[in-house]
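Down below is the structure, laid out as C-alpha cells.
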Amino acid sequence: MKSRDFKNSIGCSIVVLLLGAILICCPMLNMTNITLLYRFFFGIYAIIQIGQFLILYKKKDYTNFFAFAISFLLLIASFIWNLTENPKSLALSLLVWIFVIALVKLKKADYYHDRKSKVWLMEIFYLCVFLGSGFLTCFNFAYQVDTQILMLGFFAFICGILETSESFILYLTKGKLK
C-alpha cells in the first residue's frame, strides 16, 4: 500500500470511528429516531466505501465496491420498506449486511492466501471479530430504542477500529508478510 493510499484509507477508517462515536452520543442528546440513524449509518458507510473504492481502483480491489453496494441497497430498502419498525426486521437487515460484508472479507482473505501471504491470517482474525461483534449487536436489538442506537454505535466503532488496524497491517507489511 502506497503512502497516499494509506493516508486516505486511514482517513476513511477514522470517519467510520467518528460515525460510531456520533451514534453512541445520540441517546444522550435525545436523538432517538432509529429510522433516521439507521439510514444515516448506511448512507455514510456507503459514501465512505465508494470513496475508498475510487481511491484504490487502480489496484483492482473490489471489496470496497461490494461493501458500498450492499450498504446502498439496504439504504434504498429502508426507504421502500420500513426496516426499523420492529426489532426483528432491524436485526435481520443488519444480519444480512453482516453476512455479505463477511463474504467480501473472506474473498479478500482468499486473495492474500492465493498469493502465499500470511496476511490472510490477519484477515480471517478480523473477519471473526467482525462476525462476533455483529452477531452480538443483532441479538441486542430486542431492547429499547436507546439500546438499539447504542449497539449500532458500538458496532460502527468496532468496524472503524478493525478497518484502521487492517490498513496499518497492510501498510506495514505491504501485503507480503511471509
For the residue pair Trp97 and Phe41, does the interplanar ring angle fall in the parallel (under 30°), tilted (30 to 60°) or perpendicular (over 60°) class?
perpendicular
Smallest heavy-atom separation, Ala156 atom then Leu23 atom, equals CB-CD1, 4.4 Å
Parallel, tilted or perpendicular: which describes the rings of Trp120 and His113, with under 30° parallel and over 60° perpendicular?
perpendicular
Hey, could you give me each pair passing salt bridge (Lys or Arg N to Asp or Glu O under 4.0 Å) that has a residue in residues 88-110? Not counting sequence neighbours.
Lys108-Glu166
Kindly write out the residues that satisfy ring pair (Phe, Tyr, Trp, His ring centres under 6.0 Å) with Tyr38, not counting sequence neighbours, or none if the list is empty.
Phe42
Return each pair, listed once, that meets ring pair (Phe, Tyr, Trp, His ring centres under 6.0 Å) where at least one residue sits in residues 8-29; pairs must be two or more places apart or across chains.
none
Listed by chain and number, what are the side-chain hydrogen bond (donor to acceptor under 3.5 Å, both in side chains) partners of Ser78, not counting sequence neighbours?
Arg39
Note: with side-chain heavy atoms under 4.5 Å as the link, the other cluster members for Leu29 come out as Met31
With sequence neighbours excluded, what pairs up with Phe168 under the ring pair (Phe, Tyr, Trp, His ring centres under 6.0 Å) test?
Phe6
Name all pairs fulfilling the side chain to side chain donor-acceptor pair (under 3.5 Å) condition that reach into residues 145-155, sequence neighbours left out, sorted by first residue then second.
none
Taking only residues two or more places apart in sequence, or in another chain, which ones meet Phe68 in a side chain to side chain contact (heavy atoms under 4.5 Å, CB included)?
Ala46, Gln49, Ile50, Phe65, Phe72
With Ser13, which residues qualify under side-chain hydrogen bond (donor to acceptor under 3.5 Å, both in side chains), at least two apart?
none
Nearest heavy-atom pair of Phe155 and Thr137: which atoms, and what distance?
CB-OG1, 3.5 Å
Using the side chain to side chain contact (heavy atoms under 4.5 Å, CB included) criterion, which residues pair with Ala102? Sequence neighbours excluded.
Leu127, Leu131
Going only through I, L, V, M, F, W and Y residues with side-chain contacts under 4.5 Å, is there a path from Ile76 to Leu74?
yes
Restricting to side chain to side chain contact (heavy atoms under 4.5 Å, CB included), what partner residues turn up for Ala91, sequence neighbours left out?
Cys138, Phe141
With sequence neighbours left out, write down each residue that passes ring pair (Phe, Tyr, Trp, His ring centres under 6.0 Å) with Phe99, or none if nothing qualifies.
Phe135
Please name the residue in the list Ile14, Ile10, Leu162 that meets the side-chain contact (heavy atoms from CB on, under 4.5 Å) test with Ser167.
Ile10
Return the minimal non-hydrogen interatomic distance between Tyr45 and Ser71, and the atom names on each side.
CD2-OG, 3.3 Å
